[in-house]
Amino acid sequence: MTQAVATSIDTSWEADPAPAAKTRTYWQSVLIRIFRDKATLIFGTVVLAIVLLAIFAPLIAPFDPYKESIIGRLKPFGWRGHPLGTDELGRDMLSRLIYGARSSLLMGMVPVLVATLVGGTLGVIGGFAGKRVNTAIMRTMDVFYAFPSVLLAVAISGAMGGGMMNGMIALSMVFTPALCRIAETATAQVRSLDFIEAARATGARPLTIIRHHVLGNVLGPVFIYASSLVSVSILLASGLSFLGLGVKPPEPDWGLMLSTLRQSLYVNPIICAMPGAAIFVTSICFNLVSDGIRSAMDVRQ
Amino acid sequence: MSGVFQSAAMAPLEDRGGAAQPLLIARDLVRHFKVKGVGLGEEAAVRAVDGVSFSLFKGETLGVVGESGCGKSTLARLVMHLIQLGSGELIFDGEGVGAPDGVSVDDLRRQVQMVFQDSASSLNPRMPIRDSVAFGPYVHGKSKEESRRIAREMLGRVGLNPDLFGPRYPHELSGGQKQRVNIARALAISPRMVILDEAVSALDKSVEAQVLNLLRELRRSFNLTYLFISHDLNVVQYISDRVLVMYLGQVVELGPVDDIFSRPLHPYTRALLGSRSSMDPANRIEEPPITGDPPSPIDPPSGCRFRTRCPHAEAVCELTMPRLGQWLNRDSHVAACHMHEPGSGHTLAVGNA
């Protein structure tokens, strides 16, 4: 046995085995950094508020979002107790916006989540395995890349029929190749670094290496790109709805509302702009929050 | 230090072959890399390592020197099985690596560890350094707490206070500190052999000296065997017991450090030693003893690979490849040169009257 040999190196700290300070885990320090970042906190609160509005829509909405009125069409803010006026069929605008958050958030987030999981997994596998596996995965993705994303979404949901579920599946398939490529590039970059070699030299299995050494370095770029896709997804979903392939009228949906109100642009432009404003605020908040989280996840600060 | 100091370290695997058995024997290691683009449809091979044989005795430091691109790093990765062996065999402590009745690659990696040149890219930038050090023991089945304890001890052994440095990230450390962490990481699973691939080359001189002394001390206290790869002759002279000189993927000379540095046999070794800058103004180098780049390893010269740059090259050097003489023990000093092969046909060959 050869351990326990005294060396000239100072080992006085051996006497105190309890490390008191600075034993935060990685995620704890990420949280602390997020709480120090005012902008991210504020925009995060807005996102949270939108999510809560969507969940508790029936409790919050002042009117029935489906109740039409033949005389009260396209009325301005505050008309007969309608805070944001009424739409082209006389329905309460605020209630429709609150209910519309439901489908818009779902259509915005679910496809991105699915695509991140599927595309991210495929990308990490391809990037780490390299060679033939990588070629097989990435060339398949390239086939999807060849089509414009809107066209692809329309084609897929057109083939499968309309409805929200099929719309979400179509959007997931649209986003998967892009996320796969981001994950693949990031993984291939990390894989060539010496610390992966060092981990292999330690005798670690590929899955262990991916879990401990690759994911942490790949998550950042994937995350930032995925969050920027949320707003794109909301817009694409509204495009699908407009073509009758996504959410169907009279369901309240921001994209659908935007396209039906389009015709009334010269009658009451402010009302017509409301769903667009909702989409704008939501997507910009998502982008800013994801940016804040990404920089909080970066240890070089 | 008290006598009751309890080490958390993993126990090193026991010596199986006995003291006389070399820890590592490499026989005719070959690795060629395919390259494309030489011509349409043509394929060529870079002969990175082309028939390298040596033995590494227990407890010694074998220095490997040579120019950039001579296959030193490829050799290190071959020994570590990070890249596939083209042909040849490795025998670790008397047992063939990867052989059916021998030692598996996994077992080899439990006993051989490596320290890389680039101290920055060899640490995960998103991992506190104590986790980087603890990763090895964790992979080898230690619990998280135990791995952390080992990491603490190893950081201490390389002269970094674990409370101060443990939670830090690599970018918060200097180059020398990072390389200490890399050494700690390599030692964390208690290997018997450590490959140091240009481990001090990227450090500045004062830090280099500290790390070299640390390596010497660790070798003694952990009973390690080093394969020390460097292009820096002074460093190799300082730390090595024996030296192996490589040229274009082949071993040209092998021998005890003092013999190599005081009476080099191979013209290439002589040229290398002659290229060292001298501190003595009276002994200044007037002209470079060796010029030009080494020939391409894709299409190496026939016969002796050094003949294109060798001042003593003769017809025989072009025709036949000189063999490295047989080495028997730690004191053997051999060179692959026709001048040191009796009856080779070279006019300057030993034994020619």
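Fair warning: this is a prediction, and the values are worked out from it, not measured in the lab. Chain naming here is simple, since letters A, B, ... match the order of the sequence lines and numbering starts at 1 in each.
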>> Less than 4.5 Å to any heavy atom of chain A: does that hold for the side chain of B:Asn124, its backbone, both, or neither?
In response: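 For B:Asn124, the contact with chain A is made by backbone and side chain together.
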
>> With a 4.5 angstrom heavy-atom cut-off, is it the side chain or the backbone of B:Leu82 that approaches chain A, or both, or neither?
In response: both

>> I need the minimum non-hydrogen distance between B:Val139 and A:Thr202, along with the two atoms involved.
In response: CG1-O, 4.3 Å

Nearest 0.5 Å, please: how far is [atom2] in [Y] from [atom1] in [X]?
X	Y	atom1	atom2	result
A:Leu193	B:Phe116	CG	CZ	11.0 Å
A:Ile196	B:Ser121	CD1	OG	10.5 Å
A:Leu215	B:Arg126	CG	CZ	11.5 Å

> Under 4.5 Å between any side-chain heavy atoms of A:Asp194 and B:Met114, yes or no?
Replying inline: no

Flag if over 12 foreign heavy atoms under 6.0 Å of [atom1], [X]:
X	atom1	result
A:Arg132	CZ	no
A:Phe144	CZ	no
B:Tyr238	OH	yes
B:Met193	CE	yes
A:Arg205	CZ	no

>> Using a 3.5 Å distance criterion without hydrogens, assess whether the side chain of B:Arg109 forms a donor-acceptor pair with backbone atoms of A:Arg200.
In response: yes

>> With a 3.5 Å distance limit and no angle check, can you tell me whether B:Gln113 reaches the backbone of A:Ala201 through a side-chain donor-acceptor pair?
In response: yes

> Under the ring pair (Phe, Tyr, Trp, His ring centres under 6.0 Å) test, which residues partner A:Phe195, sequence neighbours left out?
Replying inline: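 For A:Phe195 the ring pair (Phe, Tyr, Trp, His ring centres under 6.0 Å) partners, ignoring immediate neighbours, are A:His213.
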
>> Show every ring-ring contact (aromatic ring centres under 6.0 Å, His included) that has at least one partner inside residues 136-168 of chain B, sequence neighbours left out.
In response: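 As it turns out, the ring-ring contact (aromatic ring centres under 6.0 Å, His included) pairs with a partner in residues 136-168 of chain B, which skip direct neighbours, are A:His212-B:Tyr138.
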
